[in-house]
Every structure is written in structure tokens, then in C-alpha cells.
Trainee: 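Let me begin by handing over the structure; questions about it come next.
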Amino acid sequence: EPEVTQTPSHQVTQMGQEVILRCVPISNHLYFYWYRQILGQKVEFLVSFYNNEISEKSEIFDDQFSVERPDGSNFTLKIRSTKLEDSAMYFCASRRGDSTYGFFGQGTRLTVV
Amino acid sequence: AQTVTQSQPEMSVQEAETVTLSCTYDTSESDYYLFWYKQPPSRQMILVIRQEAYKQQNATENRFSVNFQKAAKSFSLKISDSQLGDAAMYFCAYNAQAGTYKYIFGTGTRLKVLA
């Protein structure tokens, strides 16, 4: 069964460094999402992406965050200058054009030290 | 704005017994999906069951079933014959059939299964 794949599974970075989290959505999916889950808290929506544009973003998704689909298969989340409070689990999700719900990847655990 | 509320931070159940996890939500939309996701210690999000709001029949998946009360905006998960492997965080989630179809999650219920 096709699945959403995220790499790396765990990344440790120094505060102030840039990180790029990578996702390979399911191949025929057209809509892409990033969610964040701080340890012990609920999963929160960050951003949705369609047709090479952000279609919606939350208040969490500030200027430190950016997303892109650089090569038609990967979908990336970049954090420019990481802060300690960016430490969280980041989930990618994708959805077909004719489907009304998405599929989640296994997540990337980001630890900022 | 849509909200999802899980009022039980933690629940316990004896192995082989039945447990019900509660979820309420608030929305002005008429068309939406509701989900229960399981999150084991690995923190992967595993879909347990989903319910389309337009369907009156409650969804079932093996030992998992829901009690969907649309008028009351309630969506509880019943786990029958609980197994040790059911121990995890369970998140209720809402997905409006409009806009960007983003998920809105509740705060989760930690389920402990006692041997």
C-alpha cells in the first residue's frame, strides 16, 4: 500500500541552524500538509500546499518557516533559524484531488539543542 | 472556528474488557469527516476508524466502533476485547469537507491496558 515517507526520522540541530524536513507524498496526491506536535500536546496544523502555492497557514507558520515542492516528488519544510521551542514531531500528510481526507507520514522528530 | 474536545486525559481498562473514549466537537459545517487516530510510543499516527458525517450508520473496524451523535456533536470510540497492544494515545480529529480539508485534533486520551 502506498504511504507517505518522511526523512529523517529523527534530527538533532543546534539552535539558530537551518533545518529541512523532507516528505515524499503518495505519488498521485495533489494536496500536501505539514503538522506539528510538541511533546505531550495535540497535533497542530501548520500549512497546506496545492499547485505550488500555500493555500492556508496557521499563526504558527511565521516567517521562519517555508515550504516547497522542489522536484515534483519531494515536499519540504524549512525552518530558517531554529529555536528551542521548535523541538517537536513534524508530520507530513498528503491527499488525492478526489479524496476528502489525507494520509500521514510516520513523522520526523526534531530536537533543537 | 471548529474545535475538538477530549475531556478524558487518561483512561484505564482491563485486558479483554471494553472501554469508551469520548470526543465532542463544534462546527457550523454540515459536511465533514471524523477520525480516531492511535499514537503509540513511536509517535506515528495510525488511523483507527473514520466516520462520514452524512452517514447515519456508525462505523466499525473489527474491535473498534464509534457512536456518532451528529445532533449532539459527539463521536466516541469503543474498543472491545481490549488488548495490551491497544495501549497508546488516542486522538479524535475533525476534517471539514470544505476549504483546505485540514485536520483539527483534540488533545488526546492516554489509554492504559492492565493485564
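None of these values were measured; they are calculated from a predicted model. Chain letters run A, B, ... following the sequence lines, proteins first, then strands; residues in each count from 1.
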Trainee: Which Ile, Leu, Val, Met, Phe, Trp or Tyr residues join B:Leu111 in one cluster when any pair of side-chain heavy atoms under 4.5 Å counts as a link?
Mentor: B:Val4, B:Met11, B:Val13, B:Val19, B:Leu21, B:Tyr25, B:Tyr32, B:Leu34, B:Trp36, B:Val48, B:Ile49, B:Phe64, B:Val66, B:Phe68, B:Phe75, B:Leu77, B:Ile79, B:Leu84, B:Tyr90, B:Tyr94, B:Ile104, B:Val113

Trainee: Between A:Gln37 and B:Phe91, which heavy-atom pair has the shortest distance, and what is it?
Mentor: NE2-CZ, 3.3 Å

Trainee: Could you grab the distance from atom CD1 of B:Ile46 to atom CZ of A:Phe104, nearest 0.5 Å is fine?
Mentor: 12.5 Å

Trainee: Can you see whether A:Phe45 has B:Lys102 sitting over its ring - NZ or CZ less than 6.0 Å from the centre and within 45° of the normal?
Mentor: yes

Trainee: For the interface with chain B, which of A:Gly102, A:Gly40, A:Ser9 has the highest count of heavy-atom pairs at distances below 4.5 Å?
Mentor: A:Gly102

Trainee: For B:Asn67, give me all partners under side-chain hydrogen bond (donor to acceptor under 3.5 Å, both in side chains), at least two apart in sequence or on another chain.
Mentor: B:Gln69

Trainee: When the side chains of residues 20-31 of chain A are checked against the rest of the protein, which donor-acceptor pairs come out under 3.5 Å, sequence neighbours left out?
Mentor:
from: A:His29; atom 1: ND1; to: A:Ser94; atom 2: O; distance (Å): 3.4
from: A:His29; atom 1: ND1; to: A:Ser94; atom 2: OG; distance (Å): 2.7
from: A:His29; atom 1: ND1; to: A:Arg95; atom 2: N; distance (Å): 3.2

Trainee: Quick check on the structure: residues of residues 52-66 of chain A within a heavy-atom distance below 4.5 Å of chain B, by number.
Mentor: A:Ser55, A:Glu56

Trainee: Is the side chain of A:Tyr35 donor-acceptor paired with the backbone N or O of B:Tyr103 at a distance under 3.5 Å, no angle test?
Mentor: yes

Trainee: Are any of the side-chain heavy atoms of A:Tyr33 and B:Tyr101 separated by less than 4.5 Å?
Mentor: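 In contact.
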
Trainee: Non-hydrogen atoms of chain A under 4.5 Å away: do they reach the side chain of B:Glu52, the backbone, both or neither?
Mentor: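 No part of it gets close to chain A.
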
Trainee: Run A:Phe103 and B:Met45 through side chain to side chain contact (heavy atoms under 4.5 Å, CB included) and show every step you take.
Mentor: CA-CA 9 Å; A:Phe103 294 82; B:Met45 296 292 281; over 6 Å; no

Trainee: What's the separation between atom CE in A:Met89 and atom OG in B:Ser42, rounded to the nearest 0.5 Å?
Mentor: 7.0 Å

Trainee: When you measure from the side chain of B:Arg43 to the backbone N and O of A:Gln106, does any donor-acceptor pair fall under 3.5 Å?
Mentor: no

